[in-house]
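Note sheet for the following structure.
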Amino acid sequence: MMLTGNKGEWSELYTLFKIISDRKLFAGDGQLNRIDELAFPVLKVIRTESNGVFEFTVQDDFVEIALKGVEFSPSLFNLAKEEPLRIPIERFGEMARILLKEMKKASGAFAVNEVIDFINSYKCHSLKANSTVKSDIDIVLHDLRTGTTPQLGFSIKSQLGGASTLLNAGRATNFIYKITGASLSDLQINEINTIATKSKIKDRIERIRGFSGNLEYARTESAVFGNNLTLIDSALPAIVAEMVKLFFSATISKTKELISKVSTANPIGYNFDTRHPFYLYKVKRLLTDIALGMMPAKVWTGELEATGGYLIVKEGGEIVCYHIYNRNEFEDYLLNNTKFETASSSRHDFGKVYKVGDECFFKLNLQIRFLK
């Protein structure tokens, strides 16, 4: 069966080929620029497929490929004699160039026959890593500063395709606001909820304010998500709620701009005499924890997943990495390259006034996507 995939799926294989052919990974700064003086030699790349774990070990001008975890025909790697397959590194560079060229001009799902033949030669039959593993790819690096050779897991984010999400929307990411300052009648509630403009959520909020109502943060719809935020920082639920309300009320969406506006408003009432970056610091922590494993509907203990960071495939094909060794740059990257966006209000049940007893409430939803 012919393998086809979109740009995001093909980017996983491209990343494998590119890393092996370059033999090193460069760290990136907060603006996605390569840091030339922060390069990590690549010793081994590990990718978990449906039929086992492939290990690509860089040795001089060759790559030794071994398949672990399954038994299969000795005609492949002659496992009985433990002799792995050896492929010249230049072949991986060639495949990376072919694949990049095809990805730049393709749209939708497509096949690249030369690349498919190449991966089939070492019995790989899938584009994406196994969905049961926590990272897209694992890399054994040589840290020249410490002399250690850690194995780090990475998620792959590609700018060659559509922008991916950092935090997916769901009912768990709903924030509940109490409507204060106005006692809305059933007629007024119906008027608000039937607004069906292109910017209906924003227009409904404006209509609430037209009736002298204000949105006052009450709680998250999901107790788990609320407690996850509180675990990271006790003020985060209220801070993120203010950012979400600002996003739906104004015309700004970039995370960095939302933080700046909320910080200026200072809803928590922090003392800025010493110029501590309270809001910026706390939201950076949130973005990083989301990137490294925190999910809204699952109890977060603060223990990071196997994923140690991100590999970013830039539009020109260059790859930069962010991980625990350059945490500051990783945080800046997440801050500078994400935005809030509107998910489906019908699917996630938000954006309508509803009553509980004599009190009225309104839900807003959080979804965070990477910038393109």
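Nothing here was measured: the structure is a model prediction, and the numbers come from that model.
- Ring pair Phe56/Phe54 is parallel by interplanar angle, where below 30° counts as parallel and above 60° as perpendicular.
- Using a 4.5 Å heavy-atom threshold, the side chains of Asp136 and Phe154 count as separate.
- Under the 6.0 Å distance and 45° angle rule, Lys363 counts as a cation-pi partner of Tyr354.
- Residues Asp186 and Lys355 form a side-chain contact, since some pair of their non-hydrogen atoms from C-beta on lies under 4.5 Å apart.
- Under the 4.5 Å side-chain heavy-atom criterion for ILVMFWY residues, a single connected hydrophobic cluster contains both Ile35 and Leu141.
- Looking at residues two or more places apart in sequence or on another chain, you find no salt bridge (Lys or Arg N to Asp or Glu O under 4.0 Å) involving Lys200.
- Val224 and Phe175 are assigned to two separate hydrophobic clusters, defined by single-linkage of ILVMFWY side chains at heavy-atom distances under 4.5 Å.
- Ring to ring, Phe248 and Phe340 are not that close: their centroids are 6.0 angstrom or more apart.
- Looking at residues two or more places apart in sequence or on another chain, you find no ring-ring contact (aromatic ring centres under 6.0 Å, His included) involving His142.
- Side chain to side chain, Gln159 and Glu315 fail the donor-acceptor criterion of an N or O pair below 3.5 Å.
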Derivation of the salt bridge (Lys or Arg N to Asp or Glu O under 4.0 Å) call for Arg97 and Glu94: CA-CA 5 Å; Arg97 290 188 292 272; Glu94 179 186 353; 5.8 Å; no

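- By the ring-ring contact (aromatic ring centres under 6.0 Å, His included) test, Phe272 pairs with Phe278, sequence neighbours left out.
- The pair Arg209-Glu206 fails the salt-bridge criterion, with no side-chain N (NZ, NE, NH1 or NH2) lying under 4.0 Å from an Asp/Glu carboxylate O.
- Screening residues 259-271 for side-chain hydrogen bond (donor to acceptor under 3.5 Å, both in side chains), with sequence neighbours left out, gives Asn266-Tyr279.
- For Asn214 (side chain) and Gly181 (main-chain N/O), no donor-acceptor pair under 3.5 Å exists by modelled atom type.
- In the hydrophobic cluster analysis, where Ile, Leu, Val, Met, Phe, Trp and Tyr join through side-chain heavy atoms closer than 4.5 angstrom, Ile252 is grouped together with Leu287.
- Donor-acceptor pairing under 3.5 Å is recorded for the side chains of Ser344 and Ser346.
- Pairs of residues two or more places apart, or lying in two chains, that qualify as salt bridge (Lys or Arg N to Asp or Glu O under 4.0 Å) and include a residue from residues 4-28 are Glu12-Arg47, Glu12-Lys128, Lys18-Asp22, Arg23-Asp61.
- Here the closest non-hydrogen pair linking Asn337 and Gly30 is ND2-O, 3.8 Å.
- For the side-chain contact (heavy atoms from CB on, under 4.5 Å) test with Phe247, the passing option among Thr342, Leu366, Leu364 is Thr342; the others fail.
- One hydrophobic cluster holds both Leu236 and Leu280 under the rule that ILVMFWY side chains link at heavy-atom gaps under 4.5 Å.
- Residues meeting the ring-ring contact (aromatic ring centres under 6.0 Å, His included) test with Phe40, sequence neighbours left out: His323.
- Both Leu100 and Phe110 are assigned to one and the same hydrophobic cluster, defined by single-linkage of ILVMFWY side chains at heavy-atom distances under 4.5 Å.
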